[in-house]
Amino acid sequence: MTKEKNNREAFLYLKSLKESGVKEVLVERKNAPKPKPAALPARPVWSDAAALKAEPVSAETQAALKALREEALKCVRCQELSSTRQNVVFGSGNENCKLMFVGEAPGRDEDKQGLPFVGDAGKLLTQIIEAMGLKREQVYIANTLKCRPPKNRPPEPDEVANCRPFLEKQIELINPAMICALGKHASQALLKTDIPISKLRGEFRDYPGPTLGGIRIPVMCTYHPAYLLRNPAEKRTVWEDMKKIMKALA
Ligand code: SF4
């Protein structure tokens, strides 16, 4: 069959379709280049420093955090804590972090050094962060209370309420993609709930405080590293929670 004859037959066939009311015909072109499959988005490598690199925060945010820190250093809202503390432990780390850890309150070592999580529990937290493929300098660490409660007693509700504006402003300025609350007191204070930590942990929940532009910040609650020092079998549980954070951030 010649090419001419083929064309003629095709023409007659299309004409007959048109006459019978068909308005559109899909034609598959022979030898047409096949569309390329869409490229898969590059999956960030969790341990890649570029994924969570320390970028400088804006000068405005830096100034606001500095002013907030200075305000906290002079704070005497909690009469007992301000009269017994050695240092106010405002928080430390990458102010442009994606992941922020929030603990309960400074302990003896933290009070002495003015830095969060520097004692044995802090060392374990560093190990957890590194097991996640991160460096401690890539995250930000703060506490619900900025001053040490005497003898490491649990924070009183009025102390949590007094210190809450500092933490809320800190979170708003740092604007992390995710928060990990460490332990019962931090989790309950952060989420404004009295649900037990055993029920809070393991699932993302929404941070109920003010956020930059009203964006949603997921909170993963987990056990406190100090609790893990007493109950090493629960390390596995915490690791399950950390894996959820790693997956969500990656
Ligand atoms: S715990 Fe917070 S609110 Fe209380 S005195 Fe210290 S900085 Fe102020």
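Remember, it's 1-based here, ligands and their atoms both numbered in the order they're listed. In this chain, numbering begins with 1 at the start of the sequence shown. It should be emphasised that the depicted structure is a prediction, and the values quoted were computed from it without experimental measurement.
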S.K.: With ring-ring contact (aromatic ring centres under 6.0 Å, His included) as the rule and sequence neighbours excluded, what pairs involving residues 98-119 come up?
M.R.: F117-H224
S.K.: Of all residues at least two apart in sequence or in a different chain, which pass the salt bridge (charged side-chain N to carboxylate O under 4.0 Å, His left out) check with R153?
M.R.: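 With sequence neighbours excluded, R153 shows a salt bridge (charged side-chain N to carboxylate O under 4.0 Å, His left out) to E80, E159, given in chain and number order.
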S.K.: Regarding K146 and Q170, do their side chains bring together a donor and an acceptor under 3.5 Å, going by distance alone?
M.R.: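 Yes, side-chain donor-acceptor contact under 3.5 Å.
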S.K.: List the residues meeting ring-ring contact (aromatic ring centres under 6.0 Å, His included) with Y223, not counting sequence neighbours, and say none if there are none.
M.R.: Y227
S.K.: Restricting to distances shorter than 2.8 Å, give the number of protein N, O or S atoms close to atom 8 (Fe) of ligand 1.
M.R.: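 Protein N, O or S neighbours of atom 8 (Fe) of ligand 1 under 2.8 Å, waters not counted, come to 1.
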S.K.: Can you see which heavy atom on I217 is nearest to which on A177, and at what distance?
M.R.: CG2-O, 4.1 Å
S.K.: Where is the tightest heavy-atom contact between L200 and S187, given as atom of each residue plus distance?
M.R.: CD1-CB, 3.9 Å
